Amino acid sequence: MKHQYFKYIGTVILLIAFAFTSKAQQTVVNGTVTDATTKETLPYVSFLITGTEKGGRTDADGQYSITISDDHTQIKFSYVGYKSVVKTIVPGKTQTIDVQLQSETTQMDEVVITAGKKPKYKNKDNPAVALIRNVIANKPKNRMDHYDFVEYKKYERMMFSMSNLSDKFKNKRIFRNYKFLFQEQDSTKIGGKTMLPVFQQEKLSNNYFRKSPEKLKTIIVADKRVNFDERFIDNQGLTTYFDRMYQDIDIYDNNISVVSNQLLSPIADGAPTFYKFFITDTIQNHNPKLVELSFMPRNNTDLLFEGKLYITLDGNYAVQNAYLTVNKDINLNFIRALEAKLDFEQNPDKRYHLSKSNLIVDFGLSKKGGTGFTGERTVNFKDYQINKPHPDTTYYGSAVPVVVADATKRSEEFWADNRPEALSATNLKVYSNLDTLQTIPSFKRTMDVVTLFFAGYKDFGPFEMGPVNTFYSFNSVEGFRLRLGGRTTPALSKRYYFETYAAYGFNDTKWKYFLSGTYSLNNKSIYAFPQNYLRASFQRDTKIPGQELQFVQEDNFLLSFKRGENDMMLYNDFYRIDYVHEFENHFSYSLGLRKWNQTPAGSLYFASSRDNNLIKTNSISTSEISLQLRYAPHEKFYQGKVYRTPLVDKYPIFNFRYTAGIKGVLGGEYNYHNFMGSVDKRFYLSQFGYTDVTLEGAYILGKVPFPLLSIHRANQTYAYQLQSYNLMNFLEFVSDHYASINIDQNFNGFFFNKIPLLKKLKLREVMSFKALYGGLRNENNPAVNNSAMQFVLNQDGVPITNSLSRDPYIEGSVGVGNIFKLLRVDLVKRFTYLDNPMVSEWGIRARVKFDF
């Protein structure tokens with residue numbers, strides 16, 4: 001008994017001793033690094049705990065902070081052009097160590113100042129331009145694809161926070177239960193003194209590059225991130241969105257993607273045309289010798305960087321270090337500050353590879369201050385090996401990163417051992433803090449309101465009601481329309497999903513309704529990627545013939561406002577069975593079986609000609625089978641409650657659809673074959689912005705009535721619709737074969753930035769061109785074949801529906817974008833078929849577009 005007592009006392013003493021020892025090993029070091037001569041602070045100075053790989057860099061104001069748990073006693077500071085300094089630290093204490101670095105550059109003995117006019121900058125006979133041209137000429141051998149094989153380990157950390165928060169904001173009643181979330185940092189750092197972290201993610205990956213055939217295989221071995229309740233936020237979509245905004249920075253690319261825009265690299269092939277370059281320093285004592293090359297845009301509102309490059313003078317003309325920022329007047333929306341720092345390390349063959357990049361972007365409605373958001377992405381590369389081949393199986397598979405099975409289950413010890421730089425104590429708490437936040441009832445209530453406002457759904461656990469913007473709408477056929485509906489959620493079942501709504505029109509006094517049941521074949525939400533499900537549905541509702549909307553529902557309240565006459569609609573009964581299967585490489589296919597009954601509504605009618613008389617038909621019934629293929633390589637999107645919102649990039653999207661009508665099956669009245677294909681592609685044009693191009697074509701085999709033909713997408717709202725013809729009337733044109741091209745050009749302010757009165761407004765120029773060429777074969781053209789279903793006539797006996805038999809339909813527009821940072825207004829002109837009834841040659845259309 002006495003022995004057990006002493007054993008118990010001994011255990012307690014050991015635990016207390018361990019606790020005190022652990023506390024003593026926590027060492028916090030902070031301070032400021034300055035130039036010993038000028039006393040100016042030095043940004044992005046490297047520091048390293050001696051004997052470890054843990055360290056970091058000073059911020060833009062020369063300040064640093066690091067927390068370590070081991071018993072180390074020295075910290076080393078290094079900066080290009082300065083002598084390294086080693087400082088002693090005291091383990092287990094919080095201490096401030098300010099550092100002064102002595103320049104290594106040779107000082108000039110005499111400075112001669114002469115008065116006179118400042119010489120005009122020019123490229124000719126400019127040694128800085130000659131140097132940058134050498135850098136450009138040597139880019140191929142300084143890139144990763146110069147080698148046959150490359151492999152490396154990559155660590156990524158993304159942090160997103162509400163920033164520049166005032167004490168008044170912090171002390172608001174709404175944050176009464178959330179005080180533990182706020183972080184304090186030095187007030188001179190980007191983002192201000194007080195921040196509120198809302199997202200953090202870390203990833204570790206092994207990467208294998210092969211030059212021929214070219215392939216980069218990424219295997220994610222660890223993934224740790226804040227996970228929000230899927231009812232409110234698409235976690236994968238949120239990660240994808242941040243990855244799109246904060247892409248890897250390759251200084252050797254001609255264009256560098258930052259916050260969904262492409263900025264011209266200072267070493268792009270055409271950089272001397274858009275940048276000014278200056279040699280501002282030569283570092284003699286560095287091996288190899290370096291030249292500090294400063295650069296700035298010729299026009300400070302263009303999408304260009306400014307900053308410094310450090311170039312090696314060893315014959316490789318490689319970038320050894322880079323500091324990138326942007327001018328405060330740049331034509332980027334909501335961006336208050338942007339800074340990127342790139343560090344390169346030497347390979348065994350004396351060339352350089354990127355070893356670390358750090359990108360910080362501060363967003364806000366006003367550049368003068370106020371609450372905003374700050375995102376920081378740090379990427380470290382280590383264990384860089386060149387020309388070490390692996391078996392072909394290493395490179396097999398798609399370019400989509402492979403995630404190992406237990407990547408999200410790594411222990412804290414694993415992360416502590418594998419992070420190249422230790423996280424601060426406050427950043428380590430972000431994961432647990434945000435997990436705790438989601439358990440607070442007031443936060444759940446707040447998210448309910450936010451989700452209702454932005455996504456349009458009110459969550460009730462296993463069922464959610466919405467979308468709200470369809471509850472009320474109106475049109476000339478139904479009059480005042482009310483709708484109420486909703487759907488089940490994964491909280492009810494991860495396999496079975498049901499959706500329904502009911503609507504009533506007070507003018508036509510008819511009920512409309514929808515019901516669907518879906519079975520998930522991969523035990524995942526049917527709204528999550530990749531989809532694999534079987535769905536059966538029935539719908540009875542109205543539809544405007546030919547109107548196909550993207551990312552919005554047809555009975556959206558805002559689309560109730562239309563120009564011109566809009567009293568031709570269809571009552572549709574759809575019985576459908578659909579199978580959808582998506583793959584990780586973003587190829588998908590869907591199979592469908594549909595029974596479709598169409599009944600005219602309003603002034604629309606179905607009629608055929610017999611003995612010069614119109615014989616009206618009450619309805620059209622068809623039975624269809626369909627196959628749809630879609631391939632969208634490298635596609636990224638945010639999965640909303642109703643639609644996926646794609647994050648448009650340079651990669652094309654291919655679509656193909658085949659539909660066959662079967663006569664005599666399930667009441668089908670027609671045999672036909674409909675083939676349709678399209679390609680969408682964005683082309684980045686460097687300083688001239690980007691161009692979105694859509695090519696589309698279709699061919700219908702068989703004799704069919706005009707409601708089954710291709711009814712071309714018209715727009716009678718006052719909103720500018722990218723994929724519709726904005727001065728075409730509903731049902732104005734139909735075809736059984738057609739080809740079209742749609743070009744939308746955004747110049748991103750390239751011309752307006754050169755006009756003094758406009759550059760301050762940061763307006764952006766837009767242009768569009770749309771051409772549609774098509775026609776009808778005689779068998780489907782009522783003007784030639786009396787047995788074909790007749791086109792609808794207006795009250796004057798003139799057809800309102802036409803074939804494209806003479807000329808292509810052409811319209812174009814010029815416009816101004818970025819008005820108040822949100823609005824695009826286009827002046828649209830229609831060039832052909834101006835004699836058709838009720839058409840407008842000119843129109844003004846507006847579009848709300850949130851963009852950086």
Side-chain angles (χ1 to χ4, degrees), residues 80-81 120-147 150 209 211 214 247-258 261-283 286 288-300 302-327 330 340-347 349-355 357 359 381 386 650 683-690 748 750:
V80 176
K120 183 180 179 181
Y121 178 87
K122 59 182 180 179
N123 284 347
K124 187 178 180 181
D125 299 325
N126 185 336
V129 175
L131 177 61
I132 205 66
R133 292 194 191 281
N134 278 326
V135 175
I136 294 169
N138 283 273
K139 282 198 302 181
K141 71 178 184 181
N142 288 317
R143 305 193 63 163
M144 182 175 69
D145 55 17
H146 169 77
Y147 302 104
V150 174
F209 170 80
K211 184 176 182 178
E214 186 170 322
Q247 295 187 40
D248 287 346
I249 296 177
D250 185 353
I251 194 74
Y252 290 103
D253 273 344
N254 281 333
N255 293 285
I256 298 173
S257 293
V258 179
N261 285 278
Q262 290 210 337
L263 278 64
L264 191 73
S265 169
I267 59 173
D269 296 343
T273 303
F274 299 97
Y275 283 103
K276 295 179 181 180
F277 294 94
F278 307 91
I279 295 177
T280 49
D281 205 352
T282 302
I283 295 91
H286 188 278
K289 185 166 67 173
L290 298 176
V291 171
E292 181 185 83
L293 194 64
S294 297
F295 58 91
M296 61 187 297
R298 293 174 181 261
N299 187 307
N300 56 17
D302 284 344
L303 295 183
L304 299 166
F305 293 104
E306 60 183 35
K308 293 182 179 182
L309 301 172
Y310 292 88
I311 309 300
T312 66
L313 296 183
D314 56 356
N316 289 319
Y317 296 99
V319 177
Q320 195 268 349
N321 202 282
Y323 170 68
L324 309 175
T325 185
V326 293
N327 191 279
I330 191 172
K341 183 71 172 65
L342 310 178
D343 294 326
F344 295 79
E345 291 181 355
Q346 207 169 50
N347 296 333
D349 62 353
K350 304 301 182 183
R351 292 192 175 92
Y352 288 82
H353 70 269
L354 183 65
S355 61
S357 68
L359 173 63
F381 303 84
I386 60 175
K650 62 183 178 181
F683 296 90
Y684 286 99
L685 306 176
S686 189
Q687 291 303 289
F688 291 96
Y690 60 86
N748 280 342
F750 179 79

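FYI, side chains are in, hydrogens and waters are out, and symmetry mates aren't considered; it's all heavy atoms of this structure. These numbers were taken from a predicted model, which means no experiment stands behind them.
Atom NZ of Lys141 sits in a crowded spot, with more than 12 heavy atoms from other residues, nucleotides or ligands closer than 6.0 Å.
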Could you check Phe305 against Tyr275 for ring pair (Phe, Tyr, Trp, His ring centres under 6.0 Å), going step by step and ending with a plain yes or no?
CA-CA 9 Å; Phe305 293 104; Tyr275 283 103; 7.7 Å; no

Apply side-chain contact (heavy atoms from CB on, under 4.5 Å) to Asp281 and Val291, showing your working.
CA-CA 6 Å; Asp281 205 352; Val291 171; over 6 Å; no

Going through the checks in order, is the side-chain contact (heavy atoms from CB on, under 4.5 Å) test met by Thr312 and Tyr352?
CA-CA 10 Å; Thr312 66; Tyr352 288 82; 3.6 Å; yes

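In summary, Lys289 and Asp314 do not engage in a salt bridge, as defined by a charged side-chain N under 4.0 Å from a carboxylate O. Look at Arg143 and Asp250 and you find a salt bridge, because one of the NZ, NE, NH1 or NH2 atoms lies within 4.0 Å of a carboxylate O, short of that distance.
Side chain of Asn126 to main chain of Ala128: a donor-acceptor pair is present (N/O by atom type, distance under 3.5 Å, no hydrogens or angles). Judged by distance alone, with hydrogens and angles left aside, the side-chain atoms of Asp302 form no donor-acceptor pair with the main-chain N or O of Leu304 at under 3.5 Å. Although no hydrogens or angles enter the test, the distance criterion places no donor-acceptor pair under 3.5 Å between the side chain of Glu292 and the main chain of Leu309. Between the side chain of Arg298 and the backbone N or O of Thr273 there is at least one donor-acceptor pair closer than 3.5 Å. A donor-acceptor distance shorter than 3.5 angstrom exists from the side chain of Tyr121 to the backbone of Phe277, with no hydrogens or angles considered.
Ring geometry, Phe750 versus Phe688: the interplanar angle falls from 30° to 60°, so the pair is classed tilted. The aromatic rings of Tyr252 and Phe344 stand perpendicular to each other, their planes meeting at an angle above 60°, with 30° marking the opposite boundary.
When all heavy atoms are compared, the tightest approach of Asp253 to Ser265 is O-CB, 3.0 Å. When every heavy atom of Ile330 is checked against every heavy atom of Leu303, the shortest pair comes out as CD1-CA, 4.0 Å.
No side-chain donor-acceptor contact under 3.5 Å links Asn142 and Lys139. In summary, the side chains of Lys276 and Asn123 do not present any donor paired with an acceptor at a separation below 3.5 Å, with no hydrogens or angles considered.
In this structure, His353 NE2 and Tyr147 OH are separated by 9.5 Å, a value rounded to the nearest 0.5 Å. Here the CG-CD1 distance, from Asn321 to Ile283, works out to 9.5 Å after rounding to the nearest 0.5 Å.
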